Amino acid sequence: MSVKIRLRNSAAHLLYATGLTSPGLRGRERLSIVTFHRVLPEAELRAYPYPGLVVTPEELDAFLAYFSDHFDCGALATQHERYLRCEASTRPLLALTFDDGQYDNYRNARPVLARRGLMASFFVPVSAVERRELLWHDRLGFSILALLRQTQGGEERLKRVLALAGLPDCGSRAILESAVRESKRLAAPARLRLVEELAEASGNPAAPDFARLMTFDELAELAAEGHEIGSHSMTHCMMPECDDRALAYELIESRRILQDRVGQSVDSFCYPNGDSDSRTANAVAKAGYRRAVTTSWGLNGPAASRFRLRRCDMVAKHVADSVGNFVPAVVAFRMSGFYPGLR
């Protein structure tokens with residue numbers, strides 16, 4: 001175990017033992033919102049380009065067990081409305097959210113939630129569901145993996161395509177993480193053009209079956225069971241890049257289609273990539289939503305904007321010990337407001 005992790009765990013256990021990071025103390029009179037992305041078993045996790053976006057079903061269950069013990073848990077719409085009403089609760093309120101509408105949420109997260117008797121919110125990029133296509137970052141990631149596996153010049157072709165797009169050469173080891181990070185800085189047409197060029201250079205590899213998004217029927221089933229379905233825009237665009245007309249389309253059309261297809265009022269919005277500003281927040285409100293979530297870390301107090309709510313992204317490796325065991329004290333530390341870099 002590294003010195004850094006030993007120090008982190010020691011601090012976490014000490015603070016937890018003294019009660020300073022207790023959820024009952026730090027979460028009191030605040031709304032906590034946590035987010036997950038993919039939920040994949042180990043074999044599929046190893047085949048996915050971005051393991052940092054993945055928890056296994058077992059890791060998800062460990063998180064949910066901790067949250068159930070220390071928080072009053074539920075879907076975002078329910079918990080946010082309770083918070084706004086200042087509803088009395090013996091434990092602090094926490095909302096469970098899942099981004100991107102991935103099929104593995106239906107196949108793997110849904111039964112874990114059911115065993116715990118918990119409801120959650122699932123945010124859906126509508127056009128990708130309609131077209132049954134992967135989100136752009138997954139297409140980019142699977143193409144890069146395919147190129148890296150090619151023994152006859154695949155890495156050279158990859159670096160050439162990235163260089164032509166103006167992305168920096170960060171070396172072979174970090175090339176995938178760097179490519180998706182730097183591509184987010186491109187204008188939307190250039191970013192999508194890069195995705196197509198990488199797919200062509202890699203031979204247009206077929207994505208694994210597990211990587212698909214949910215169907216509308218699967219989303220409707222989740223809604224019928226009591227889970228919340230929220231909008232993640234039409235095209236998973238970076239919202240501040242959109243002009244006013246495009247913003248209205250992304251917000252109003254996605255809400256209309258989801259309400260029609262899942263039979264549930266759609267009142268929560270999730271900014272793709274977490275990107276928002278005052279203009280986009282105003283557009284969300286104008287489109288009829290009651291709340292929106294970002295990826296900015298933190299809990300939400302009385303002064304929080306309902307259209308720029310903070311969340312805590314749950315990453316299993318960030319709360320594990322040297323052998324991968326879940327450490328509740330570290331979760332409490334990271335959500336407490338004391339953890340360096342997460343204030």
Side-chain angles (χ1 to χ4, degrees), residues 1-37 39 52-56 58-76 78-80 82-84 86-99 112-113 116-121 274 293-305 308-343:
M1 184 189 300
S2 72
V3 173
K4 182 178 179 181
I5 293 177
R6 282 201 299 270
L7 290 173
R8 179 203 72 181
N9 289 358
S10 297
H13 285 294
L14 177 61
L15 290 167
Y16 199 60
T18 61
L20 288 175
T21 57
S22 162
L25 174 64
R26 303 304 300 170
R28 184 170 36 191
E29 298 180 359
R30 294 179 175 89
L31 173 63
S32 302
I33 308 172
V34 298
T35 186
F36 300 91
H37 290 82
V39 183
L53 293 179
V54 181
V55 294
T56 66
E58 295 77 17
E59 289 167 342
L60 175 62
D61 191 55
F63 276 113
L64 296 184
Y66 171 79
F67 295 140
S68 295
D69 285 344
H70 296 283
F71 295 89
D72 182 328
C73 302
L76 176 62
T78 300
Q79 302 302 80
H80 186 234
R82 292 176 66 193
Y83 181 73
L84 293 176
C86 299
E87 182 177 311
S89 175
T90 58
R91 293 176 294 171
L93 299 176
L94 180 142
L96 301 164
T97 67
F98 291 79
D99 288 5
V112 179
L113 289 162
R116 294 279 173 188
L118 297 173
M119 296 297 150
S121 300
V293 292
T294 68
T295 55
S296 296
W297 184 278
L299 309 186
N300 300 281
S305 165
R308 299 182 78 175
L309 295 170
R310 294 175 174 269
R311 294 188 293 174
C312 298
D313 189 20
M314 295 293 110
V315 180
K317 69 177 182 179
H318 291 166
V319 298
D321 63 16
S322 60
V323 293
N325 293 320
F326 182 82
V327 184
V330 178
V331 185
F333 188 16
R334 289 178 65 84
M335 294 181 68
S336 68
F338 296 139
Y339 197 94
L342 290 179
R343 295 185 180 87

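Only a predicted model underlies this, so the values are computations on that prediction, with no experimental measurement involved. Just the heavy atoms: all of them, side chains too, but no hydrogens, waters or symmetry mates, feed the values below.
Nearest heavy-atom pair across Gly301 and Arg30 is CA-CG, 4.3 Å. The minimum heavy-atom distance linking Ala332 with Tyr66 is given by the pair CB-OH, 3.4 Å. In terms of heavy-atom proximity, Gly274 sits nearest to Thr294 at O-CB, 4.0 Å.
With 3.5 Å as the limit, one finds a donor-acceptor pair spanning the side chains of Thr35 and Arg311.
A heavy-atom distance below 4.5 Å is found between the side chains of Val39 and Phe98. Put simply, the side chain of Thr21 does not reach to within 4.5 Å of the side chain of Tyr339, judged on heavy atoms. The shortest side-chain heavy-atom distance between Met335 and Phe71 falls under the 4.5 Å cut-off. Taking the side chain as every heavy atom from C-beta outward, Glu58 and Phe326 never approach each other to under 4.5 Å. Looking at heavy atoms from C-beta onward, Asn9 lies in side-chain contact with Asp321 at the 4.5 angstrom threshold. Counting only heavy atoms from C-beta outward, the side chains of Leu96 and Leu64 approach each other to under 4.5 Å. The side-chain heavy atoms of Ile33 and Leu309, taken from C-beta on, include a pair separated by under 4.5 Å. The shortest side-chain heavy-atom distance between Cys312 and Trp297 falls under the 4.5 Å cut-off.
Around the CD atom of Glu87, the shell of radius 6.0 Å holds more than 12 heavy atoms that belong to other residues, nucleotides or ligands.
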query = Step by step, would you call Ser68 with Leu118 a side-chain contact (heavy atoms from CB on, under 4.5 Å)?
reply = CA-CA 9 Å; Ser68 295; Leu118 297 173; 3.5 Å; yes
inquiry  = Is there a side-chain contact (heavy atoms from CB on, under 4.5 Å) between Val330 and His318? Walk through the geometry before answering.
reply    = CA-CA 8 Å; Val330 178; His318 291 166; over 6 Å; no
key: Pair Met314-Phe67, side-chain contact (heavy atoms from CB on, under 4.5 Å): steps then yes or no   = CA-CA 12 Å; Met314 295 293 110; Phe67 295 140; 3.7 Å; yes
CA sep, side-chain torsions, deciding dist, call: Met119, Thr78, side-chain contact (heavy atoms from CB on, under 4.5 Å) = CA-CA 9 Å; Met119 296 297 150; Thr78 300; over 6 Å; no
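Checked options Asp99, Val55, Leu53; the residue passing with Phe36 is Val55 (criterion: side-chain contact (heavy atoms from CB on, under 4.5 Å)). If you run side-chain contact (heavy atoms from CB on, under 4.5 Å) between His37 and each of Val315, Thr97, Asp313, only Asp313 comes through.
Under a 3.5 Å cut-off, the side chain of Ser336 and the backbone N or O of Phe333 do form a donor-acceptor pair. No donor-acceptor pair closer than 3.5 Å links the side chain of Arg310 to the backbone N or O of Leu299.
The salt bridge (charged side-chain N to carboxylate O under 4.0 Å, His left out) check on Asp72 picks up Arg82, with sequence neighbours excluded. Every residue meeting the side chain to side chain donor-acceptor pair (under 3.5 Å) condition with His70, not counting sequence neighbours, appears here in chain and number order: Tyr16.
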